*Asks:* 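Can you keep this structure in mind? I'll have questions shortly.
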Amino acid sequence: MTAARKRLGVNIDHVATLRQARRGRVPEPAAAAAIAELSGADGITVHLREDRRHIQDRDLAVLKSVVTTRINFEMAATGEITRIACSLSPHSCTLVPEKREEITTEGGLDVLGRREALRQTTARLKHAGIVVSMFIDPDLSQVRASRQAGADAIEIHTGTFCEAFAAGKHEAELEKIRAAAAFGASIGLKVFAGHGLDVRNIVPILGIPGIEEFNIGHSIIARAVFLGLAAAVKEIADLVHGA
């Protein structure tokens, strides 16, 4: 049997970060989404934070009307954001931890410690026809708790691995991801990965069986400053699709 092609989701939050630096109109995240799709992206990821530091409510409506692939909506499991997600009806929602004081998402969601509350949020989203994923550390207890909370998928947090890769000591973290991916797939979860990945450190992750999708943002937008967005998306899309 031929393995399914792996997918690339491009996170365009930091296009909105640049726009919000001046509270202006440009650059337009929807335009970035269109370029990303034309350059090989299989989906567009956005995170509507409670403090609205980058993506705004208006962006969601525009993206819903122009994205031709699929929208993955990253969100905290709060009542307000859950209502917005059900109204938007994206292809998928990824539940993430969120702190107002953090610069970016720090670590995975504690599904084990919040299982009942997350089960209720998951049920609301699934009732709206949305695929639900949990953004978790590569910890088997969190994988199991995600399944018990009703999730369809997990997105394995690769941030710690990426830091270890930069230090040249990543084998232990790679093994944790490999074990979490295998366990998740064995209990019926779709398995995705993301956070901190770039054109170098993604290579060993691409070799792990069972990971279907990679959601990448910061490194793509950073390289786009010098290469252009189309080229930055294409170079990592070629890696993902060729794996």
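Only heavy atoms go into these numbers, but all of them, side chains included; no hydrogens, no water, no symmetry mates. Computed from a predicted structure; not experimentally measured.
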*Asks:* Side-chain heavy atoms nearer than 4.5 Å, only ILVMFWY residues, links allowed to pass through others: does that put Ile71 and Val96 together?
*Replies:*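 Hydrophobic grouping puts Ile71 apart from Val96.
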*Asks:* Can Asp51 and Arg49 be counted as an ion pair, charged N to O under 4.0 angstrom?
*Replies:*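 Salt bridge: no.
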*Asks:* Supply the atom-to-atom distance Ile154 CD1 to Phe135 CZ, rounded to the nearest 0.5 angstrom.
*Replies:*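 Ile154 CD1 to Phe135 CZ: 11.5 Å, rounded to 0.5 Å.
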*Asks:* For the pair Lys64 and Asp59, evaluate salt bridge (Lys or Arg N to Asp or Glu O under 4.0 Å) and give the outcome as yes or no after the intermediate values.
*Replies:* CA-CA 8 Å; Lys64 179 69 175 180; Asp59 294 325; over 6 Å; no
*Asks:* Would you call Phe73 and Ile81 a side-chain contact if the rule is heavy atoms closer than 4.5 Å?
*Replies:*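 Sidechains of Ile81 and Phe73: in contact.
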*Asks:* How about Thr45 and Asn11: does a side-chain donor come under 3.5 Å of a side-chain acceptor?
*Replies:*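 No, Asn11 and Thr45 have no side-chain donor paired with an acceptor closer than 3.5 Å.
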*Asks:* Which of these passes side-chain contact (heavy atoms from CB on, under 4.5 Å) with His195: Ile216, Thr158, Thr160?
*Replies:*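 Going through the options one by one, the only one that passes is Thr158.
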*Asks:* Do Asp42 and Arg5 meet the salt-bridge criterion of a basic N to acidic O distance under 4.0 Å?
*Replies:*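 The answer is yes: the pair qualifies as a salt bridge.
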*Asks:* Any ion pair linking Arg223 and Glu235 (charged N to carboxylate O, less than 4.0 Å)?
*Replies:*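 Salt bridge between Glu235 and Arg223, a charged N being under 4.0 Å from a carboxylate O: yes.
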*Asks:* When hydrophobic residues are tied together by side-chain contacts of less than 4.5 Å, even through go-betweens, does Ile35 share a cluster with Ile236?
*Replies:*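 Yes, Ile35 and Ile236 fall within the same hydrophobic cluster.
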*Asks:* Between His157 and Asp137, do the side chains contain a donor N or O and an acceptor N or O under 3.5 Å apart?
*Replies:*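 There is such a pair between these side chains.
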*Asks:* So do the side chains of Val199 and Leu239 get within less than 4.5 Å of each other, counting heavy atoms only?
*Replies:*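 Yes, side chains in contact.
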*Asks:* Check the orientation of Phe165 and His170. Use parallel for under 30°, tilted for 30 to 60°, and perpendicular for over 60°.
*Replies:*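 Tilted: the ring planes of Phe165 and His170 meet at 30° to 60°.
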*Asks:* Between the side chains of Asp110 and Gln142, does any donor sit under 3.5 Å from an acceptor?
*Replies:*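 Present: a donor and an acceptor within the cut-off.
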*Asks:* Please determine if Glu116 and Arg119 form a salt bridge, counting it only when a charged side-chain N lies under 4.0 Å from a carboxylate O.
*Replies:*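 Between Arg119 and Glu116 there is a salt bridge, with a charged N closer than 4.0 Å to a carboxylate O.
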*Asks:* With a 4.0 Å cut-off on N to O distance, would you call Arg53 and Glu98 a salt bridge?
*Replies:*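 Glu98 and Arg53: not salt-bridged.
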*Asks:* Any chance you could lay out the side chain to side chain contact (heavy atoms under 4.5 Å, CB included) test for Met134 and Asp152, step after step, and finish with the verdict?
*Replies:* CA-CA 8 Å; Met134 302 288 185; Asp152 303 292; over 6 Å; no
*Asks:* Nearest 0.5 Å, please: how far is NZ in Lys6 from NE2 in His241?
*Replies:*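 Answer for the NE2-NZ pair, His241 versus Lys6, is 11.0 Å.
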*Asks:* Would you mind reporting whether Leu63 and Ile12 have side-chain heavy atoms less than 4.5 Å apart?
*Replies:*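 A side-chain contact exists here, since the closest heavy-atom pair is under 4.5 Å.
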*Asks:* Give a yes-or-no answer on whether the side chains of Glu213 and Asn215 include a donor-acceptor pair shorter than 3.5 Å.
*Replies:*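 A pair is found: one side chain offers a donor N or O, the other an acceptor, under 3.5 Å apart.
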